[in-house]
Amino acid sequence: MLLFTPGPTPVLESVRQAMATPTLHHRTPEFESIFAQARGKMIDMFGMDECVFLASSGTGAMQACMLNLCHTKALTVKAGKFGERFGKIADALHIPKVELSYSWDTPASVEDIKQALISNLDIDAIFIQICESAGGLRHPVEEIAKVAKSINKDIMVIADGITAVGVEPIDTTHIDALIAGSQKAFMLPPGLAMIGLSSVAVDKIGGGRDFYFNLATEIKNQQKNTTAWTATTTLIAGLNAMLDEIEKSGGRQHLFSQTRKRAKATLGALKGLNLHIYPSSPALSMSTVIDDDAEAIRKLLKTKYGVNIAGGQDHLKGKIFRINQMGLIPVHESAWVVNAIELALDDLGRRDFDGTASKIFSEIYFEEN
Ligand SMILES: *Cc1c(COP(=O)(O)O)cnc(C)c1O
């Protein structure tokens, strides 16, 4: 069965092997060396000044950023489950918030953000997804970050890049915290979160509002290649191996261009089957279709064609399906997925199979640079 859900993603054999080596004690030179390598490579991947690893799923990193970088009022952007989560974290931590809401297919408007910041001068941090995974939507985060800094140069911009870091190049000029997670573009089991930080954010962190997620404590330790609490040794060894795999396969720019080509080819093939792409600004990390037969298509893919793709949640349950594009995916696997969708549409009596999806996929993939 091909695992094509936008997280978790499959784990490469070489990475599984790296994680199958005997467990190292975390306070040893052997582990610290692996930690130092993984940390250096992640700082490069983020393109930022600092990187912190946390033993948690991605949500832990979202909470850590809010605890450490927001002190007066948060601006949160809800265009799906993950944006909504930032709002819920603020509520749970009793941090006042202004929330901008959008339909799950619609990206945040730079103008709305601008107005919210002008009317709420006490907002000291913005929280937004780069890709809102609920509907496969790309928010214009770089532009939002730039405008936010022009209104308030001290504002902190926290970008949840769990389905964007390792997918596409991100301009971090105006971003202070960039969140990534192990189980999406980094093709690892869940349980490790990574945060890229600007030096301004590092300076702002402090005050100790939390114990486990106190980033000041973590930064102090991680700069010495150790962690405040027991490190997720196995996952960090896996991350180190995965970052080596990315390097071996041609480096991160190559990974980004392969991902873009696969995403564009998939989108073209789906449109060629007259399927409707759900978000008005599709992200590269996943391809999302809205369709009355979404569940039937998903079921056929799973039972007849050996492909596991994701459905939707909440009001989109049964209405959309999402195909992963994150990670080092062999192009023939992605080509098979669109082909399988065309076969499923034939099974459902919606069109006669004639290889349209494969044809369009290949045309776009091999033409795109
Ligand atoms: C998967 C995901 C998360 C993290 O969820 P966890 O289950 O806590 O790992 C956060 N944001 C986005 C956009 C995601 O896709």
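In listed order, ligands and their atoms are each counted from 1. Remember, it's a predicted structure, so these values are computed and weren't measured experimentally.
Remark: Lys261 is not positioned above the aromatic ring of Phe361, lacking an NZ or CZ atom under 6.0 angstrom from the ring centre and at most 45 degrees off the axis.
Here Asp105 pairs with Ser103, Tyr278 under the side-chain contact (heavy atoms from CB on, under 4.5 Å) rule; sequence neighbours left out. For His276, the side-chain contact (heavy atoms from CB on, under 4.5 Å) partners are Ile290, not counting sequence neighbours. Annotation: side-chain contact (heavy atoms from CB on, under 4.5 Å) contacts of Ser56 (sequence neighbours excluded): Leu54, Ala193, Phe213.
The only option from Arg351, Arg350, Lys319 that meets the salt bridge (charged side-chain N to carboxylate O under 4.0 Å, His left out) definition with Asp293 turns out to be Arg350.
The closest side-chain donor-acceptor pair between Tyr212 and Glu218, if any, does not fall under 3.5 angstrom.
If you look at ligand 1, the protein residues with a non-hydrogen atom under 4.0 Å away are Ser57, Gly58, Thr59, Met62, Phe82, Arg85, Gln129, Cys131, Ser133, Asp160, Ile162, Thr163, Gln183, Lys184.
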